[in-house]
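To start, the structure itself, in structure tokens.
Counting convention: from 1, in listed order, for ligands and their atoms alike.
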Amino acid sequence: MINELFDLSGKVALVTGGTHGIGMAVGMVLGKAGAKICVNDIDEAKLESAKAEYAAAGIDAYTLVFNVTSEEEVDAGISKIEAEVGEIDILVNNAGIIKRVPILDMPVGEFKQVIDVDLIAPFIVGKRVAPNMIKKRAGKIINMCSMMSQYGRRSVSAYASAKGGLKLLTANMCCEWAKYNIQVNGIGPGYIATAQTAPIREGGHPFNDLVMTRTPANRWGEPEDIGNAALFLASKAAEFVNGHVLYVDGGILANFGYVKGENDV
Ligand code: NAP
Ligand code: GCO
């Protein structure tokens with residue numbers, strides 16, 4: 001039955017940075033598919049409000065505050081989940097930050113901070129979660145990549161370096177863990193309407209025009225567009241999909257762009 005392919009009942013899913021934006025959309029979709037959702041964030045207050053939002057959607061989310069860049073906090077957090085909820089079947093490495101600063105103006109410490117959250121943290125959390133998946137000979141890991149896993153762009157050198165690395169960390173996790181029936185894939189969202197893109201989307205920012213001409217679908221993506229893709233990768237339907245980055249971008253990667261005018265060229 002088709003529905004059984006996407007039924008996550010009995011599965012435990014951890015979404016890092018799941019209190020809003022793309023992470024919350026992923027948590028909502030996986031929760032509605034039956035998974036027990038564990039939501040992480042670095043901010044306790046956001047976890048509390050998120051718990052209420054999940055509850056309003058009929059999802060009893062287990063919430064846990066830890067900094068994904070801290071090996072100690074990640075180990076303690078995952079151990080708590082394993083003790084109180086169960087071993088993790090689905091990991092979504094979603095937590096991320098961005099700093100839009102030209103290379104010449106960016107302190108090395110800020111570059112390292114972005115690399116820590118966007119690349120090293122998925123390594124830390126994946127490395128902590130994988131051993132039980134290996135024991136069970138089953139698991140799903142989804143790393144939240146980006147258009148910047150494929151492109152550079154002025155002012156986002158740290159972010160693009162991290163997301164480019166995350167694409168190949170995804171490949172390497174696949175190479176080492178696929179034989180244990182663990183599927184490790186990335187999702188590459190296009191430009192999605194969240195708090196992270198608000199500074200370049202709102203208030204008539206000219207970047208909005210660029211997104212419109214670079215996105216054949218002529219719209220910003222919604223977090224739910226990413227949640228739906230995560231359901232596919234977390235499901236039985238994707239058991240032979242591995243090491244892949246699924247771009248959910250409205251066609252950006254297929255499009256060089258066009259000149260707006262009477263007859264768009
Ligand atoms: P967002 O609104 O900025 O949310 C990011 C989440 O990560 C927040 O909940 C944040 O918590 C959490 N986080 C940050 N640092 C953390 C840490 N050290 N430990 C634990 N949690 C931490 O971003 P988004 O737009 O939803 O994006 C989510 C993911 O998709 C990110 O990896 C982003 O790079 C990626 N992405 C976004 C887009 C887009 O267009 N929006 C496109 C491609 C890829 P706090 O809010 O408490 O700081
Ligand atoms: C930016 C945006 C992008 C998106 C996303 C695109 O400043 O270019 O924030 O990086 O967040 O990663 O896929």
Is the shortest N/O to N/O distance between M144 and ligand 1 below 3.5 Å?
-> no
Identity of the nearest option to atom 13 (O) of ligand 2, non-hydrogen atoms only, from P189, P199, G188 | P189
Nitrogen or oxygen atoms of N94 and ligand 1 under 3.5 Å apart | yes
Structural part of T197 in contact with ligand 1, heavy atom criterion under 4.0 angstrom = side chain
Backbone or side chain, does any N or O of V156 fall under 3.5 Å from an N or O of ligand 2?
-> no
Nitrogen or oxygen of S146 less than 3.5 angstrom from that of ligand 2 = yes
Give yes if a backbone or side-chain nitrogen or oxygen of F207 is under 3.5 Å from a nitrogen or oxygen of ligand 2, and no if not.
-> no
Report the part of T194 in contact with ligand 1, treating N, CA, C, O as backbone and CB onward as side chain, heavy atoms under 4.0 Å; options are side chain, backbone, both, neither.
-> side chain
Distance-only N or O hit between ligand 2 and M147, under 3.5 Å = yes
Under 4.0 Å from ligand 2, counting heavy atoms only, is it the side chain of D249, its backbone, both or neither?
-> neither
So, do L91 and I142 sit near enough that their side-chain heavy atoms are less than 4.5 Å apart?
-> no
Can you find a pair of side-chain heavy atoms, one from C145 and one from Y247, that are under 4.5 Å apart?
-> no
